[in-house]
Structures are given as C-alpha cells and as structure tokens.
Amino acid sequence: MLLALIIELLLALLLLFLAPPMPGRKEGSRTTMFGIEASKGEDSPDKKPAEKQRQKSAKAQKQQSQPVTQPPPPIPSPIETPVPVGPPTFLKLSRNDYQQGDISKVPSRNSDADASDNATADAGGGGGAGDTPTAGRKGRHGETLYVAEWYREPRNSELSPYINENRARYPGFGLVACRTVARYKVEDCYELDETRGTGFAGSVRQAAFQFLVRPPRVGNKLMVGEWVAIRIDYTQTRRAAP
C-alpha cells in the first residue's frame with residue numbers, strides 16, 4: 001500500500017509539471033473574482049434598452065388609466081352688502097302732486113260729505129220720493145233752484161254784523177241763490193228778493209260764507225254744484241252785544 005501511494009504521488013507531480021501554462025496568466029499570480037449587485041431603484045446593466053422602453057410605456061399607460069380625482073370646488077362665502085348710511089331720501093313732487101295732496105280738499109268722515117264729494121251736478125230732479133223740492137223759480141241764468149236744507153243753521157252772531165240798522169227798522173226776510181260746494185259750503189251767491197227797504201238780501205249774501213247747507217238730493221244722490229235758494233227771516237234787527 002505504501003508503494004501504491006508513492007506511485008500515485010509521482011503521477012500527480014508529473015501531470016502538474018507537464019500541463020501547459022494558461023495564456024495571460026503570470027506565474028505566481030492569483031485569480032480574483034468581483035461581483036456587481038444592482039442598487040435598488042436602478043436598472044441592472046444586463047437589461048436591454050427596448051425592455052426599458054416597454055416598462056416606461058406600461059407605467060405611463062397605467063398612470064393614464066387611473067382616474068384623476070379633482071378636489072371639490074371651494075364654496076364661495078356670502079358677501080354682505082353694506083347698508084348705505086346717508087341723508088334721508090326726499091321725494092320730488094310736481095305741482096299736480098301738491099294739489100292732490102292738499103288736506104283742505106279731504107272730505108269729512110260724515111257719510112253725506114263723502115257722497116257730496118263724489119256727486120256731479122244735474123239740472124233735473126226734484127220730483128221723486130226723497131228728492132229735495134225745487135224753489136218754484138229759476139235762477140238768474142235759468143238754473144234750477146232747490147230749497148236749501150240746513151246742515152247747521154246760522155247763529156245770530158253770524159247774521160247780525162251784516163244788518164244795516166239804518167234801513168232794517170222792521171222785521172223782514174232776505175232771499176239769495178247760492179251754488180253748493182264741498183264741505184257743505186256755498187259760494188257765488190247773488191240776491192233774489194227781500195222785504196222792501198230793509199236790505200236783508202244784501203245782509204244774507206254777505207253772511208253766506210258762514211252757511212252750512214246740504215247739497216240737493218236727487219235720486220238718492222247728493223248733487224254738489226247745484227243751486228239752492230236760501231231765505232233768512234229776521235225778527236231781531238238790533239245787533240247783539242259783543
């Protein structure tokens with residue numbers, strides 16, 4: 001067995017010395033191997049450009065296929081409009097507006113006054129039930145005269161200042177014709193008749209601006225603007241003491 005081992009050792013030494021040397025290798029040098037590992041996130045050097053291009057295209061398609069979620073639009077906050085603070089507003093009125101706003105033309109609350117303001121003059125009437133009777137004579141210009149109906153009888157203090165004591169020595173009467181207007185007033189009065197020599201017609205005409213007379217009623221309608229005959233009987237000719 002010892003002889004066999006010696007023979008095998010001699011054959012190994014022979015083969016070692018008979019083997020040719022490797023090209024590019026110097027005697028006594030050692031072969032060193034290095035390994036390169038690709039870092040994370042970088043492509044390994046063995047990948048081909050075409051494969052890199054396919055991966056980029058696939059990645060871009062994947063990003064395009066994913067729905068883009070847009071944020072909701074912001075809710076606009078309400079804008080508070082400031083209330084202007086300034087001088088009070090004035091209305092510009094025309095002359096017609098001033099005339100319509102005249103409080104002197106406002107009718108009274110009495111139902112007769114309201115009806116009289118809306119009535120229109122009518123020359124007929126005076127014969128129906130409830131109508132104001134006519135005076136039985138025509139006026140200066142042919143107008144119909146109705147018997148005056150007092151809304152308020154005149155007072156002695158309203159009549160006596162206009163009596164002519166130099167002429168009115170005896171009792172008598174004075175008769176005038178007047179046109180009715182709103183608020184039971186009369187105007188445009190003129191003298192019709194009187195006790196001769198007394199001047200009472202003139203006394204009634206001068207005091208007539210104080211009279212309150214109802215307009216004539218024709219067909220249950222007050223006829224503002226119609227003419228009435230107003231008669232005053234004087235029983236006391238002396239002026240009342242102040």
Side-chain angles (χ1 to χ4, degrees), residues 98-123 125-126 130-218 220-242:
Y98 279 112
Q99 293 177 355
Q100 292 180 357
D102 188 1
I103 60 174
S104 63
K105 298 180 181 180
V106 178
S108 63
R109 296 183 180 180
N110 189 287
S111 59
D112 292 339
D114 295 338
S116 65
D117 288 341
N118 297 327
T120 56
D122 185 7
D131 293 349
T132 302
T134 59
R137 59 189 299 175
K138 294 293 183 179
R140 181 184 296 174
H141 305 289
E143 62 270 13
T144 301
L145 298 179
Y146 296 88
V147 177
E149 179 184 356
W150 293 109
Y151 180 77
R152 179 185 64 80
E153 293 186 2
R155 303 180 179 89
N156 291 334
S157 59
E158 297 173 344
L159 298 174
S160 58
Y162 303 98
I163 297 175
N164 188 344
E165 294 182 351
N166 295 328
R167 297 180 59 187
R169 298 179 180 179
Y170 304 99
F173 75 94
L175 182 65
V176 298
C178 298
R179 185 170 61 87
T180 59
V181 294
R183 296 178 178 272
Y184 307 107
K185 295 288 186 177
V186 293
E187 59 183 21
D188 301 333
C189 298
Y190 57 86
E191 301 174 13
L192 288 177
D193 197 3
E194 64 179 7
T195 300
R196 186 176 181 180
T198 59
F200 285 150
S203 301
V204 177
R205 177 180 55 80
Q206 295 178 60
F209 72 93
Q210 307 169 91
F211 295 168
L212 296 177
V213 179
R214 298 182 184 274
R217 184 183 296 274
V218 178
N220 294 327
K221 186 177 182 180
L222 295 177
M223 311 303 292
V224 178
E226 287 298 291
W227 293 77
V228 292
I230 301 176
R231 175 183 172 123
I232 298 293
D233 293 322
Y234 291 89
T235 58
Q236 181 181 352
T237 60
R238 185 176 301 176
R239 293 185 181 181

Report the residues that fulfil side chain to side chain contact (heavy atoms under 4.5 Å, CB included) with [X], sequence neighbours left out, ordered by chain and then residue number.
X      : result
Arg140 : Tyr190
Glu187 : Arg179, Val181
Ala207 : Leu159, Tyr162, Gln210, Phe211

Counting N and O atoms only, with roles assigned by atom type, does the side chain of Thr132 sit under 3.5 Å from a partner on the main chain of Tyr146, one being a donor and the other an acceptor?
no
Could you tell me whether the side chain of Ser203 and the main chain of Gly199 form a donor-acceptor pair under 3.5 Å?
yes
Is there a side-chain contact between [X] and [Y] in this structure, where contact means two heavy atoms from C-beta onward sitting under 4.5 Å apart?
X      : Y      : result
Cys178 : Val213 : no
Leu222 : Arg217 : yes
Phe200 : Ile163 : yes
Leu212 : Trp150 : no

One pair to check against side-chain contact (heavy atoms from CB on, under 4.5 Å): Leu192 and Val176. What are the steps and the verdict?
CA-CA 5 Å; Leu192 288 177; Val176 298; 5.6 Å; no
Say you draw a straight line from [atom1] of [X] to [atom2] of [Y]; how long is it, rounded to the nearest 0.5 Å?
X      : Y      : atom1 : atom2 : value
Glu194 : Leu175 : CD    : CG    : 10.0 Å
Gln206 : Glu191 : CD    : CD    : 8.0 Å
Ile230 : Arg205 : CD1   : CZ    : 13.0 Å
Arg169 : Asn164 : CZ    : CG    : 10.0 Å

Taking only Lys NZ, Arg NE, NH1 and NH2, and the carboxylate oxygens of Asp or Glu, determine whether Glu158 and Arg152 approach each other closer than 4.0 Å.
yes
Shortest non-hydrogen contact from [X] toward [Y]:
X      : Y      : value
Arg137 : Asp193 : NH1-CB, 4.4 Å
Val204 : Gly174 : CG2-O, 3.8 Å
Pro215 : Met223 : CB-O, 3.8 Å

Establish, yes or no, whether the cationic atom of Arg214 lies under 6.0 Å from the six-membered ring centre of Tyr151 and within 45° of the ring axis.
no
Asp188 vs Trp227, side-chain contact (heavy atoms from CB on, under 4.5 Å): CA-CA, chis, key distance, verdict
CA-CA 10 Å; Asp188 301 333; Trp227 293 77; 3.9 Å; yes
Mind running side-chain contact (heavy atoms from CB on, under 4.5 Å) on Thr195 and Tyr234 for me, showing each step along the way?
CA-CA 10 Å; Thr195 300; Tyr234 291 89; over 6 Å; no
Using the rule given for side-chain contact (heavy atoms from CB on, under 4.5 Å), can you reason through Val147 versus Val228, listing the C-alpha separation, both sets of side-chain angles and the distance that settles it, and then say yes or no?
CA-CA 6 Å; Val147 177; Val228 292; over 6 Å; no
